[in-house]
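So the structure is just underneath, and the comments pick up after that.
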Amino acid sequence: MTVLQGFLLGILQGIAEFLPISSSGHLKVAQHLLGLEDVPLFFDVLLHIATLGAVVIYFRKVIAKLFAILFRWIFRKSEKQAYNVCNVAPAKDTDARIAALAPTEEIGRNTIIMVIITTFVTGVLGIASKKLLPELPLKAVAAGFVVTALLLIASKLFSRKHVALFEPETEIKDDFYAVQDTAMTPIQAIIIGVAQGIGTLPGISRSGSTIAGALLCKVDRRTAGDYSFLVSIPAILGAFALTLKDVMSDAAAAGLSAMQYFSETVGIAPAAAGFVTALVFGYAALAILMKIIQKGKIEWFAAYLIPLGILGLIFF
């Protein structure tokens with residue numbers, strides 16, 4: 001792999017991983033156009049780490065809150081102790097602020113449970129599809145682009161019809177939990193998990209399918225976007241673990257150490273170019289997408305995906 005190929009694939013992964021256009025599908029198309037027989041698995045691992053880093057950096061405050069809530073929940077911290085940890089108000093306002101903190105704790109705990117449910121459903125579907133489905137041809141990938149577009153359009157039409165039922169009256173910029181008037185339900189978490197599992201197929205966007213799935217089961221736009229990327233963290237970690245396992249198996253089969261295998265299949269310079277560009281462009285794409293979601297314009301991407309899918313069905 002050359003440095004230019006690493007650079008271009010890193011940009012593509014960073015953008016397509018978060019925008020609802022399917023990173024796996026675009027990587028397959030790019031692989032075909034660049035004349036690569038296969039993207040080295042080690043390089044795929046690095047791209048997963050880079051995109052995971054982009055999510056963690058962007059949602060660092062929410063993730064920190066969730067871990068703090070999980071810690072208090074595990075160790076049975078009281079609301080008083082939770083207040084002391086958060087340090088959210090002067091001492092004279094302690095009682096009032098503890099009362100205000102309680103709903104955040106409840107929604108945070110509920111979010112943790114729902115993430116676990118969604119991740120379990122996604123994991124089952126993802127592992128099953130990997131074992132049961134063969135390598136899909138490029139025409140199937142192109143069809144996946146069209147399916148993603150239809151999901152985005154359907155979610156827009158549904159949310160437009162039902163927006164008054166579940167959209168917050170005012171935009172909330174700082175607190176993920178305050179967006180939710182009611183806690184997410186297990187049924188909603190399962191539906192989103194199924195949508196994310198479908199999004200593991202090449203050509204179908206993980207972010208697009210999970211956001212569309214959330215909107216279709218009446219989750220508000222802001223929460224749909226935030227939750228989609230929160231559940232992407234265990235999904236990316238799972239994909240990273242499975243790919244790393246394959247890398248180690250290939251290295252052992254070749255009689256090489258991990259570093260030797262890395263040097264022979266990827267190289268330091270292409271790997272660095274891909275990692276940095278995937279991280280930077282991934283963060284930028286994520287920030288842009290969150291603004292588009294809040295504006296309720298996610299169907300914009302269908303205008304790109306439908307022509308792309310049709311061209312793929314014709315020429316691949």
Side-chain angles (χ1 to χ4, degrees), residues 1-60 63-64 123 126-127 130 135-136 138 141 199-203 205-207 229-290:
M1 176 177 285
T2 66
V3 174
L4 179 60
Q5 288 173 333
F7 180 80
L8 293 175
L9 290 174
I11 292 175
L12 184 61
Q13 171 70 14
I15 294 174
E17 177 68 28
F18 300 119
L19 297 185
I21 57 175
S22 176
S23 62
S24 58
H26 277 74
L27 283 175
K28 281 189 172 295
V29 172
Q31 174 185 325
H32 175 74
L33 295 177
L34 292 173
L36 293 173
E37 290 187 5
D38 201 1
V39 176
L41 283 177
F42 229 127
F43 187 74
D44 194 30
V45 169
L46 286 174
L47 294 186
H48 277 101
I49 296 173
T51 50
L52 177 63
V55 177
V56 171
I57 293 170
Y58 188 88
F59 286 102
R60 60 192 180 279
I63 294 170
I127 293 172
K130 185 174 182 180
E135 185 74 14
L136 296 176
L138 282 176
V141 173
T200 61
L201 298 175
S205 166
R206 187 214 62 81
S207 64
F229 291 109
L230 284 178
V231 296
S232 78
I233 295 173
I236 293 173
L237 281 173
F240 164 73
L242 290 174
T243 307
L244 185 61
K245 179 182 177 182
D246 292 340
V247 167
M248 300 309 293
S249 298
D250 289 351
L256 301 172
S257 67
M259 287 306 299
Q260 288 174 327
Y261 186 74
F262 168 73
S263 298
E264 290 195 8
T265 58
V266 182
I268 295 176
F275 181 88
V276 173
T277 52
L279 178 64
V280 172
F281 280 85
Y283 185 90
L286 182 52
I288 291 170
L289 179 60
M290 293 306 296

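The chain is numbered in sequence order, starting from 1.
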On a heavy-atom basis, which atom in [X] and which in [Y] lie closest, and how many Å separate them?
{"X": "Gly203", "Y": "Ser24", "value": "N-OG, 3.8 Å"}
{"X": "Leu279", "Y": "Ala50", "value": "CD1-O, 3.4 Å"}
{"X": "Leu286", "Y": "Val55", "value": "CD2-CA, 4.0 Å"}
{"X": "Ala30", "Y": "Leu12", "value": "CB-CD2, 3.4 Å"}
{"X": "Leu19", "Y": "Ser205", "value": "O-OG, 3.9 Å"}
{"X": "Leu52", "Y": "Ile233", "value": "CD1-CG2, 3.7 Å"}

Judged by atom type as modelled, is there a donor-acceptor pair below 3.5 Å linking the side chain of [X] to the main-chain atoms of [Y]?
{"X": "Gln5", "Y": "Thr2", "result": "yes"}
{"X": "His26", "Y": "Ser22", "result": "yes"}
{"X": "Ser207", "Y": "Phe18", "result": "yes"}

Spacing of [atom1] belonging to [X] relative to [atom2] belonging to [Y], to within rounding of 0.5 Å:
{"X": "Ser23", "Y": "Leu9", "atom1": "OG", "atom2": "CG", "result": "11.5 Å"}
{"X": "Phe43", "Y": "Gln13", "atom1": "CZ", "atom2": "CD", "result": "8.5 Å"}
{"X": "Thr265", "Y": "Leu256", "atom1": "OG1", "atom2": "CG", "result": "9.0 Å"}
{"X": "Ile63", "Y": "Leu230", "atom1": "CD1", "atom2": "CG", "result": "6.5 Å"}

For this session: Give a yes or no on this: more than 12 heavy atoms of other residues, nucleotides or ligands lie within 6.0 Å of atom CD1 of Ile268.
Result: no
Problem set entry | Check: Met290 and Tyr58 side chains under 4.5 Å, non-hydrogen atoms |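 Side chain of Tyr58 against side chain of Met290, heavy atoms only: contact under 4.5 Å found.
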Exercise. Would a 4.5 Å heavy-atom cut-off, applied to side chains only, mark Phe229 and Arg206 as touching?
Worked result: yes
For this session: For side chain to side chain contact (heavy atoms under 4.5 Å, CB included), just list the numbers for Leu47 and Phe275, CA-CA rounded to whole Å, side-chain angles, deciding distance to a tenth of an Å, and then say yes or no.
Result: CA-CA 6 Å; Leu47 294 186; Phe275 181 88; over 6 Å; no
Exercise. Do you see a donor-acceptor pair shorter than 3.5 Å between the side chains of Glu17 and Thr51?
Worked result: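 Distance-only check fails for Glu17 and Thr51.
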